[in-house]
Structures are given as C-alpha cells and as structure tokens.
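Note on naming: letters A, B, ... go to the chains in the order of the sequence lines (proteins, then strands), and numbering restarts at 1 for each one.
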Amino acid sequence: MMAGTATMRFGPILPRSFYERGTVEVARGLLGKLLVHGGAAGIIVETEAYLGSGDRAAHSAVGLTPRTRVIFGPPGHAYVYLIYGMYHCLNLVAEPDGTPGCVLLRALHPVSGLEEMRGRRARSAGDLASGPGRLTRAMGITRAHNGADVTRGRLVVREPAQAHPVEIAVTARIGIRRSADLPLRFLLAGGR
DNA sequence: GGTAGGATGGGCT
DNA sequence: GCCCATCCTACCC
C-alpha cells in the first residue's frame with residue numbers, strides 16, 4: 001500500500017474573499033497556509049508583497065500590458081513569469097478586480113510529495129523549495145499556470161490540517177533595486 | 001566563512 | 001539593447 005502521507009487531508013481551500021483584500025494582509029495571511037499542486041504540498045513560510053501603487057519594484061508599475069494583465073485582474077489567480085531566462089516565479093493576485101497587487105511566494109516547507117518534488121530537481125543543491133525559483137521547480141509550476149484560478153482546480157491554497165499561532169518577521173525584499181527599502185518581505189518565524 | 005560571474009530568454013524602452 | 005522579484009558553481013579567504 002502507498003505511503004500514508006499521500007492521502008493526508010488538508011483543510012478547506014481558501015476562498016476568493018481571502019485574496020480580495022490589501023496585498024500586505026494577503027502576504028501575511030498566506031504564511032502557514034498550504035500550497036498544493038497535485039500530490040505535492042508545502043507550508044508557505046516566506047512571501048513578499050508587490051503593491052499597486054508607490055512600489056516601483058512591482059511589475060504592475062509599468063501599467064497594464066499583456067504581461068501584467070493578470071495582476072490587474074480578479075484576485076485568487078496565479079501570476080507566473082519567467083525570470084533570468086530559466087526560472088519561474090509564482091505570485092498570487094490580491095486586491096479587488098481592477099486594482100493591481102500580488103504576493104510572491106518565496107519558500108515552502110515541503111510536507112507531501114517529497115519524492116515527486118525531488119524528482120523535478122536535476123541535481124539537488126540547497127533546500128528543495130527555498131527560493132522562488134526552487135519553489136516553482138519543486139512544485140512543477142510553469143507559465144502554463146499563468147492566470148490559473150487558485151480557488152479551484154489542481155493548483156490551490158488550503159488551510160493547514162490544524163492551524164497554529166504564527167509569529168511573523170518583516171524585512172526588506174530580496175533581489176530588487178527599486179523601492180528596495182520597503183518592509184514587504186514576511187517570514188514565518190523559524191521558517192528559514 | 002564569503003563573493004563574483006555565467007546561464008539564458010522575455011519584456012520593455 | 002538593457003534589465004531583470006534567480007540559482008549554481010568556482011574560487012578565495
């Protein structure tokens with residue numbers, strides 16, 4: 001018989017109303033939740049908020065273009081883009097429809113589908129899903145998921161099996177030049 | 001322990 | 001043509 005972890009049940013899928021809030025609230029609220037893609041799942045332990053106004057690091061700062069269309073669309077959808085020609089980054093869209101804002105998922109603590117996740121990484125160096133590029137590779141997320149509704153379907157965010165109080169650390173965001181001093185990176189304490 | 005540079009392609013000016 | 005919301009390897013203390 002298959003491993004018991006494969007049938008582990010999680011809590012309910014986060015509803016669209018979860019995402020239809022301010023981007024910072026969503027970025028903080030996602031910590032401790034479960035990102036699930038098929039049989040692979042991990043606890044979200046690091047996020048960054050990219051704001052619709054006053055944030056020159058956000059892709060949406062250039063305005064509405066074919067690329068940024070999803071960020072301006074309805075909340076609870078995935079915004080996935082290719083960075084440096086080889087890595088994908090996964091964001092979840094926040095704010096009401098028409099207002100830009102999204103949350104970059106930077107790290108997971110894997111809890112299910114570990115072999116599946118390892119299998120996607122050529123030669124593992126570093127943590128399995130720590131870092132936005134590693135996270136998408138381990139979870140099998142590509143640009144094919146751009147625009148996907150994460151409140152239904154194969155790629156979703158769920159409540160954990162049992163919630164526990166979370167302590168959140170706040171720092172500046174990683175790897176950006178513009179608006180680099182804004183305190184918009186959120187980490188689950190002990191999640192690094 | 002640390003840092004520097006290359007891989008590699010799409011989006012925007 | 002330049003700029004990346006990165007990662008990995010090589011090399012140097």
Side-chain angles (χ1 to χ4, degrees), chain A residues 19 22-31 33 35 37 40 42-73 75-95 99-110 114 116-148 150 155 157 168-188 191-192:
Chain A
Y19 302 96
T23 307
V24 169
E25 289 178 78
V26 175
R28 298 181 69 105
L30 282 169
L31 294 176
K33 301 298 194 277
L35 180 68
H37 185 217
I43 298 170
I44 298 168
V45 297
E46 182 181 347
T47 63
E48 284 179 356
Y50 286 87
L51 309 181
S53 65
D55 182 0
R56 290 174 301 140
H59 289 178
S60 56
V62 300
L64 184 55
T65 67
R67 181 203 206 188
T68 62
R69 178 180 52 82
V70 175
I71 309 173
F72 285 79
H77 289 255
Y79 166 54
V80 184
Y81 66 94
L82 184 69
I83 187 71
Y84 297 111
M86 15 177 152
Y87 299 102
H88 298 277
C89 289
L90 170 65
N91 296 251
L92 301 180
V93 176
E95 308 280 348
T99 303
C102 63
V103 176
L104 172 67
L105 302 190
R106 288 191 60 89
L108 300 180
H109 177 63
L114 276 285
E116 186 181 332
M117 293 169 78
R118 284 194 198 95
R120 295 192 182 105
R121 309 231 15 220
R123 291 172 304 175
S124 67
D127 289 340
L128 200 49
S130 178
R134 294 175 184 165
L135 182 156
T136 53
R137 194 183 306 183
M139 293 293 286
I141 293 164
T142 69
R143 272 179 300 171
H145 295 90
N146 190 43
V150 297
L155 177 64
V157 182
I168 299 175
V170 184
T171 77
R173 293 172 295 182
I174 303 292
I176 56 170
R177 281 185 348 168
R178 293 170 297 176
S179 298
D181 50 351
L182 300 179
L184 294 175
R185 175 172 176 247
F186 307 97
L187 301 121
L188 210 49
R192 173 169 271 269

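One interatomic measurement links the two molecules: CZ of A/R137 to P of C/dC8, which rounds to 6 Å at whole-angstrom precision. Taking atom CD1 on A/I176 and atom C1' on C/dT6, their separation rounds to 14 Å, with Å as the unit. The CD atom of A/E46 sits 11 Å away from the C1' atom of C/dA5 (whole-angstrom rounding). Atom P of nucleotide B/dG11 and atom CG of A/L64 are separated by 14 Å, given to the nearest angstrom. Rounded to whole Å, the distance from OH on A/Y87 to P on B/dG10 is 16 Å. Following rounding to the nearest Å, A/H88 (NE2) and B/dG11 (P) show an atom-to-atom distance of 12 Å. When the P atom of C/dC7 is taken as reference, atom CZ of A/R106 falls 7 Å away, rounded to whole Å. Note: CG (A/L82) to P (C/dC7) measures 13 Å, nearest angstrom.
Among the nucleotides B/dG10, B/dC12, C/dT6, the one closest to the side chain of A/R143 is B/dG10. In this structure, the nucleotide among B/dG10, C/dA5, B/dA7 sitting nearest to the side chain of A/C102 is C/dA5. Closest contact between the side chain of A/N91 and the listed nucleotides C/dA5, B/dC12, C/dC8 involves C/dA5. Here the side chain of A/T68 is nearest to one of B/dC12, C/dC7, C/dC4, namely B/dC12.
To the nearest 0.5 Å, the span separating CG on A/L184 from CZ on A/R173 amounts to 4.5 Å. With rounding to the nearest 0.5 Å, the separation of SG in A/C102 from OH in A/Y19 is 13.0 Å. We find the CD-CD1 distance between A/E48 and A/I174 to be 6.5 Å, quoted to the nearest 0.5 Å.
Here A/R134 reaches the OP1 or OP2 of C/dC8: one of its side-chain N or O atoms lies under 4.0 Å away. The shortest distance between the side-chain N/O atoms of A/R185 and the OP1/OP2 oxygens of C/dA5 is not below 4.0 Å. At least one side-chain nitrogen or oxygen of A/T65 sits closer than 4.0 Å to the OP1 or OP2 atom of B/dC12. Side-chain nitrogen and oxygen atoms of A/H59 include at least one within less than 4.0 Å of the OP1 or OP2 phosphate oxygen of C/dA5.
A/R56 comes within contact range of no nucleotide atom at all, as no heavy-atom separation falls under 4.0 Å. Heavy atoms of A/R67 sit under 4.0 angstrom from primed sugar atoms or phosphate atoms, though from no base atom. A/G133 comes within 4.0 angstrom of the backbone, heavy atoms only, and of no base.
A distance-only check finds a donor-acceptor pair linking the side chain of A/R134 to the backbone of A/S130 [under 3.5 Å].
In this structure, A/G63 and A/I83 both approach DNA chain B, and ranking their closest nucleotides by distance from the 5' end singles out A/I83.
Of the N and O atoms on the side chains of A/H37 and A/H145, at least one donor lies less than 3.5 Å from an acceptor on the other residue.
Across all non-hydrogen atoms, the minimal contact from A/L128 to A/P110 is CD2-CG, 4.0 Å. Here the shortest heavy-atom pairing between A/A138 and A/A129 reads CB-CB, 4.4 Å.
A/Y84 contributes no side-chain N or O that forms a donor-acceptor pair with the base of B/dA7 under 3.5 Å.
Checking each of A/L105, A/L30, A/L188 against A/V45 for a side-chain contact (heavy atoms from CB on, under 4.5 Å) leaves exactly one that passes, namely A/L188.
Consecutive Watson-Crick or G-U pairs involving DNA chain C, each under 3.5 Å on both distances, make up stems of three or more pairs at B:1-7 with C:6-12, B:9-12 with C:1-4.
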